Amino acid sequence: MTLLTILEFPDPRLRTKAVPVTRFDAALARLAKDMLETMYAAPGIGLAASQVDQHIQMLVLDVSEEKNAPMVIINPRIVASEGRETCQEGCLSVPGIFADVERAERIRIEAQDLDGKTFELDADGLLAVCIQHEMDHLAGKLFVDYLSPLKRDMVRKKLEKQRRHADSTLTASA
């Protein structure tokens, strides 16, 4: 397995709309395993293929406390939703930034597994939030898009400053 590079905001590739998966093969299963390994190492609870520059409709997640319940969701579609709730979200593509985002409280999705079999899943709480967050990535949307333009610009500047600092630290130690 391989740790993949996670794209970071404002990388324009994060805005690419993912295409449906049509081939359910060993390469897809390998990508799912690599994405799970990358997500756990980050550490995170969800990762969309778009975040690792693979613009297909696949996401992985694990919201369990023990980190022993990995899920792979392919070609997801929300078929029902109800309620609204506001949760604080973060994102592996926007490291160190957290903000309140309003989402559906409960959702039902229709999706496919790694074998291409269709299934339905009812989700609420953290699982529902995570699925909606990752599905946004597949549509080229980030959680910072829910923020005001001013706050989004502040986030971009903060991340650029962090990257400059990290780069200068690496240069100084080399």
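On a predicted model such as this, the values are computed, not experimentally measured, just so you know.
- The distance from atom CZ of Arg108 to atom CD1 of Ile78, rounded to the nearest 0.5 Å, is 12.5 Å.
- Side-chain contact between Leu126 and Ile45: present, with at least one pair of heavy atoms (C-beta onward) separated by less than 4.5 Å.
- The minimum heavy-atom distance between Thr2 and Glu37, with the atom names listed, is N-OE1, 3.8 Å.
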Using residues 91-98 as the side-chain source, report each donor-acceptor pair under 3.5 Å to any protein atom, sequence neighbours left out, with the distance given to one decimal.
from: Ser93; atom 1: OG; to: Leu7; atom 2: O; distance (Å): 2.7
from: Ser93; atom 1: OG; to: Gln51; atom 2: NE2; distance (Å): 3.0

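- Atom CG of Asp100 sits about 6.5 Å away from atom OG1 of Thr86, to the nearest 0.5 Å.
- With salt bridges taken as basic N to acidic carboxylate O contacts below 4.0 Å, one links Glu160 and Arg156.
- By the 4.5 Å heavy-atom criterion applied to side chains, Asp136 and Gln132 are not counted as neighbours.
- The shortest side-chain heavy-atom distance between Glu105 and Asp124 does not fall under the 4.5 Å cut-off.
- Looking at every heavy atom in both residues, Leu14 comes nearest to Ser50 through CD2-O, 4.2 Å.
- Although no hydrogens or angles enter the test, the distance criterion places no donor-acceptor pair under 3.5 Å between the side chain of Gln112 and the main chain of Ile74.
- The minimum heavy-atom distance between Tyr146 and Leu142, with the atom names listed, is CD1-O, 4.0 Å.
- Atom CG of Leu138 sits about 5.5 Å away from atom CG of Leu59, to the nearest 0.5 Å.
- The shortest distance between side-chain heavy atoms of Leu31 and Leu4 falls below 4.5 Å.
- Taken to the nearest 0.5 Å, the CZ atom of Arg103 stands 11.5 Å off from the CD1 atom of Ile131.
- Heavy-atom minimum distance, Asp62 versus Ala69: OD2-N, 3.0 Å.
- Taking both residues in full, the closest heavy atoms of Arg15 and Phe9 are given as NH2-CE1, 3.8 Å, listed atom of the first, atom of the second, then distance.
- Checked for salt-bridge contact, Asp153 and Lys157 meet the test: a charged N lies under 4.0 Å from a carboxylate O.
- The minimum heavy-atom distance linking Asp113 with Phe119 is given by the pair N-CE2, 3.7 Å.
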### Task
Determine, step by step, whether Met35 and Val72 satisfy the side chain to side chain contact (heavy atoms under 4.5 Å, CB included) criterion, reporting the C-alpha distance in whole Å, the side-chain angles of both residues, the deciding distance to 0.1 Å, and the verdict.
CA-CA 10 Å; Met35 286 174 59; Val72 177; over 6 Å; no
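- A donor-acceptor pair under 3.5 Å links the side-chain atoms of Asp11 to the main chain of Arg13, judged by distance alone.
- At least one donor-acceptor pair closer than 3.5 Å links the side chain of Asn75 to the backbone N or O of Val21.
- Atoms CZ and CG, from Arg152 and Leu150 in turn, are 10.0 Å apart once rounded to the nearest 0.5 Å.
- The shortest side-chain heavy-atom distance between Leu28 and Met58 falls under the 4.5 Å cut-off.
- Asp122 has its side chain out of reach of Arg106: every pair of non-hydrogen atoms, C-beta onward, lies at least 4.5 Å apart.
- Atoms OG and CG, on Ser64 and Leu127 in that order, are 10.5 Å from each other to the nearest 0.5 Å.
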